[in-house]
A.B. asks: 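Let me give you the structure first, and then I'll get to my questions.
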Amino acid sequence: MKQINTKSDESYITHNSSSAAASAPPAAASSISVKSTPEIEKKFVHHVYDAIAPHFSSTRYAKWPKVAEFLQNLHPGSLILDAGCGNGKYLGFNQDCFFIGCDISPSLIKICLDRGNEVLVADAVNLPYRTGFGDAAISIAVLHHLSTENRRRKAIEELVRVVKKGGLVLITVWAVEQEDEALVKKWTPLAEKYVEEWQGPGSPRATRVSSSLSLESIPESEESGLGGEEMKVCDKSEISGDLKEEKNVKNQQEYFVPWHLPYHRAEVSGASAHALATGLATKDDVKGAVVYNRYYHVFSEGELERDLVDSCCAVFLAS
């Protein structure tokens with residue numbers, strides 16, 4: 001595996017496992033502790049996106065070229081599941097396919113519904129679709145909002161579970177290695193107490209995958225400042241190899257990433273006033289904005305590959 005400096009990771013999976021048409025997710029991975037949403041996600045992901053939804057949506061319209069390419073190349077008539085669809089910018093992108101979306105934010109889902117999309121509110125670790133339902137699934141910039149390794153792996157398992165044999169899954173996440181170091185300096189590393197409370201033992205940790213995964217650097221751009229991505233293409237029928245545990249990651253991986261909501265956009269259903277009163281947001285009079293912190297777990301090199309392999313193996317064993 002070659003080392004690449006990246007800003008976000010992208011992974012393709014080809015689903016070649018057999019599965020029962022209506023089997024439930026693996027019981028071991030569906031424990032209450034995994035499905036129960038940690039407070040850090042409720043406060044710094046769910047509540048934040050509900051409060052900033054209209055402003056966030058107004059900045060999310062450009063399609064990432066590689067995601068667009070993935071969707072455009074799917075077979076006509078394919079059913080595509082978008083887990084964490086946000087404002088639905090990818091829903092209906094390929095007019096020859098059918099799209100169904102879900103997101104944890106009711107405010108973002110309302111935006112999707114107002115645009116005529118087929119969507120519902122749902123958690124990425126507990127997708128409301130039967131096994132083998134879709135031909136393809138996408139998870140674009142979602143997994144890094146899940147605060148534990150088990151929840152991230154469970155979300156991957158769910159993506160694999162809901163696509164049929166021969167289907168495809170596309171995942172993108174933010175990565176530790178940032179080409180623009182000035183961008184990282186704008187983020188706030190989580191205090192040690194948050195890491196200890198929410199991250200759990202042994203996570204994050206760096207590993208390397210000995211398998212047929214291939215990597216290549218691809219250019220990507222978005223309003224958020226993300227640049228190059230790391231793409232992993234893997235045929236799940238070829239995934240094999242032992243995982244080697246290495247030293248714990250020294251790099252910071254848990255951050256609060258600010259979102260500046262302009263004062264004139266801030267009073268959506270009183271959410272900002274409540275956030276300021278409870279200390280979940282602060283004022284920036286210089287920029288004239290209410291500042292919200294969004295929780296991010298940024299992935300280290302090799303981490304997403306490890307989670308992909310482990311999650312795929314869990315689905316295979318349960319099928």
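This one's a predicted model, so the numbers in the text were calculated from it and none came from an experiment. Along the sequence shown, residues are numbered consecutively beginning with 1.
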A.B. asks: If we count only N and O atoms by modelled type, under 3.5 Å, do the side chains of Glu303 and His297 hold a donor and an acceptor together?
C.D. replies: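 Distance-only check passes for Glu303 and His297.
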A.B. asks: If I compare all heavy atoms of Pro258 with all of Asn293, which pair ends up nearest, and what's the gap?
C.D. replies: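 Taking every non-hydrogen atom into account, CA-OD1, 4.0 Å.
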A.B. asks: Quick check: closest heavy atoms across Val125 and Glu158, and the distance to 0.1 Å?
C.D. replies: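 It is O-CG, 3.6 Å.
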A.B. asks: With distance as the sole test, does Glu41 use its side chain to make a donor-acceptor pair with the main-chain N or O of Leu146 at under 3.5 Å?
C.D. replies: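 Between the backbone of Leu146 and the side chain of Glu41 there is no qualifying donor-acceptor contact (under 3.5 Å).
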A.B. asks: At their closest point, which heavy atom of Ile138 faces which heavy atom of Leu159, and how far apart are they?
C.D. replies: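 Scanning both residues, the minimum pair turns out to be O-CD2, 4.3 Å.
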A.B. asks: State whether the side chain of Lys89 and the backbone N or O of Ala62 hold a donor-acceptor pair below 3.5 Å, judged by distance alone.
C.D. replies: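 Yes: the side chain of Lys89 pairs with the backbone of Ala62.
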A.B. asks: Only counting residues at least two apart or in another chain, list the ones meeting side-chain contact (heavy atoms from CB on, under 4.5 Å) with Asp285.
C.D. replies: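 In terms of side-chain contact (heavy atoms from CB on, under 4.5 Å), with neighbours along the sequence ignored, Asp285 is linked to Tyr263, Lys283.
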A.B. asks: If we ignore hydrogens and angles and just use 3.5 Å, is the side chain of Thr278 paired with the main-chain N or O of His274 as donor and acceptor?
C.D. replies: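 At least one qualifying donor-acceptor pair exists.
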A.B. asks: Begin from the C-alpha positions of Ser57 and Arg115 and carry the test side chain to side chain donor-acceptor pair (under 3.5 Å) through to its verdict.
C.D. replies: CA-CA 12 Å; Ser57 179; Arg115 295 176 175 178; 3.3 Å; yes
A.B. asks: Is the distance between the ring centroids of Trp259 and Phe56 less than 6.0 Å?
C.D. replies: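 Yes, ring centres under 6.0 Å apart.
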A.B. asks: Under a 4.5 Å cut-off applied to non-hydrogen side-chain atoms, are Phe133 and Val163 in contact?
C.D. replies: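 Phe133 does not reach Val163 side chain to side chain.
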A.B. asks: Kindly give the heavy-atom pair with the smallest separation between Val34 and Arg151, and that separation in Å.
C.D. replies: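 Heavy atoms only, the tightest pair is O-NH1, 2.6 Å.
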A.B. asks: Please enumerate all residues that pass side-chain contact (heavy atoms from CB on, under 4.5 Å) together with Lys42, with sequence neighbours excluded.
C.D. replies: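 Listed in chain order: Thr37, Glu39, His46.
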A.B. asks: Is there a side chain to side chain contact (heavy atoms under 4.5 Å, CB included) between Leu280 and Tyr292 once you walk through the steps?
C.D. replies: CA-CA 7 Å; Leu280 292 179; Tyr292 286 89; 5.8 Å; no
A.B. asks: What is the distance from atom CH2 of Trp174 to atom CG of Leu143, rounded to the nearest 0.5 Å?
C.D. replies: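 CG of Leu143 is found 14.0 Å from CH2 of Trp174.
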A.B. asks: Using a strict 4.0 Å threshold on nitrogen-to-oxygen distance, state whether Glu157 and Arg153 make a salt bridge.
C.D. replies: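 Not counted as a salt bridge, because no side-chain N and carboxylate O are separated by less than 4.0 Å.
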A.B. asks: Please determine if Asp135 and Lys164 form a salt bridge, counting it only when a charged side-chain N lies under 4.0 Å from a carboxylate O.
C.D. replies: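 The answer is yes: the pair qualifies as a salt bridge.
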A.B. asks: At their closest point, which heavy atom of Ala51 faces which heavy atom of Leu261, and how far apart are they?
C.D. replies: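 Closest approach of Ala51 to Leu261, heavy atoms only: O-CD2, 4.0 Å.
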A.B. asks: Is there a side-chain contact between Leu308 and Ile171 (heavy atoms, below 4.5 Å)?
C.D. replies: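 Heavy-atom side-chain distance check passes, below 4.5 Å.
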A.B. asks: Side chains of Val67 and Leu170, heavy atoms from C-beta outward: is any pair under 4.5 Å?
C.D. replies: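 Val67 reaches Leu170 side chain to side chain.
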A.B. asks: Between Glu149 and Arg152, is there a side-chain N and carboxylate O pair less than 4.0 Å apart?
C.D. replies: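 Answer for the salt bridge query: no.
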A.B. asks: Between the main-chain N or O of Leu113 and the side-chain N or O of Asn117, is there a donor-acceptor pair closer than 3.5 Å?
C.D. replies: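 Not a single qualifying donor-acceptor pair exists.
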A.B. asks: Applying side-chain contact (heavy atoms from CB on, under 4.5 Å), name anything that partners Gln72, two or more places apart in sequence or on another chain.
C.D. replies: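 For Gln72, the residues satisfying side-chain contact (heavy atoms from CB on, under 4.5 Å) (neighbours in sequence not counted) are Phe93, Asn94.
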A.B. asks: List the steps and the verdict of side chain to side chain contact (heavy atoms under 4.5 Å, CB included) for Thr282 and Val290.
C.D. replies: CA-CA 6 Å; Thr282 58; Val290 176; over 6 Å; no
A.B. asks: Could you tabulate the donor-acceptor pairs under 3.5 Å formed by side-chain atoms of residues 95-106, not counting sequence neighbours?
C.D. replies:
from: Asp103; atom 1: OD1; to: Ser105; atom 2: N; distance (Å): 2.9
from: Asp103; atom 1: OD2; to: Cys85; atom 2: N; distance (Å): 3.4
from: Asp103; atom 1: OD2; to: Gly86; atom 2: N; distance (Å): 2.8
from: Ser105; atom 1: OG; to: Asp50; atom 2: OD1; distance (Å): 2.6
from: Ser105; atom 1: OG; to: Ser107; atom 2: N; distance (Å): 3.4
from: Ser105; atom 1: OG; to: Leu108; atom 2: N; distance (Å): 3.2

A.B. asks: Measure the spacing between CD1 of Ile40 and NE2 of His145 and express it to the nearest 0.5 Å.
C.D. replies: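 Answer for the CD1-NE2 pair, Ile40 versus His145, is 12.5 Å.
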A.B. asks: Count the heavy atoms of every other residue, nucleotide or ligand shown that sit under 6.0 Å from NE2 of His260, and state whether that count exceeds 12.
C.D. replies: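 Check passes, neighbour count above 12.
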A.B. asks: Measuring only between side-chain heavy atoms, which start at C-beta, is Asn73 closer than 4.5 Å to Leu71?
C.D. replies: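 The answer is no, as the side chains (C-beta and beyond) never meet within the 4.5 Å cut-off.
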A.B. asks: I need the minimum non-hydrogen distance between Ser300 and Gln253, along with the two atoms involved.
C.D. replies: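 Taking every non-hydrogen atom into account, N-NE2, 3.3 Å.
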A.B. asks: In chain order, what residues pass the side chain to side chain donor-acceptor pair (under 3.5 Å) check against Tyr129, with sequence neighbours excluded?
C.D. replies: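 Side chain to side chain donor-acceptor pair (under 3.5 Å) check on Tyr129 returns nothing, list empty.
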A.B. asks: Does Lys43 offer a backbone N or O that forms a donor-acceptor pair with the side chain of Tyr295 under 3.5 Å?
C.D. replies: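 Here the side-chain-to-backbone pair does not exist.
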A.B. asks: Could you tell me how the ring of Tyr255 sits relative to the ring of Trp187: parallel (under 30°), tilted (30 to 60°) or perpendicular (over 60°)?
C.D. replies: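 Taking Trp187 first and then Tyr255, their aromatic rings stand perpendicular (interplane angle over 60°).
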A.B. asks: Is the backbone of Arg60 close enough, under 3.5 Å, to the side chain of Asn87 for a donor and an acceptor to pair up by distance?
C.D. replies: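 Yes; at least one donor-acceptor contact below 3.5 Å.
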A.B. asks: Check whether the side chains of Tyr296 and Glu254 place a donor and an acceptor atom closer than 3.5 Å, and report yes or no.
C.D. replies: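 No, no side-chain donor-acceptor contact under 3.5 Å.
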A.B. asks: If only atom types and distance count, is the side chain of Arg294 paired as donor or acceptor with the main-chain N or O of Tyr49 below 3.5 Å?
C.D. replies: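 Absent.
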A.B. asks: Residues two or more places apart in sequence or in another chain: which of them pass side-chain contact (heavy atoms from CB on, under 4.5 Å) with Ser58?
C.D. replies: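 With sequence neighbours excluded, Ser58 shows a side-chain contact (heavy atoms from CB on, under 4.5 Å) to His55, Arg265, given in chain and number order.
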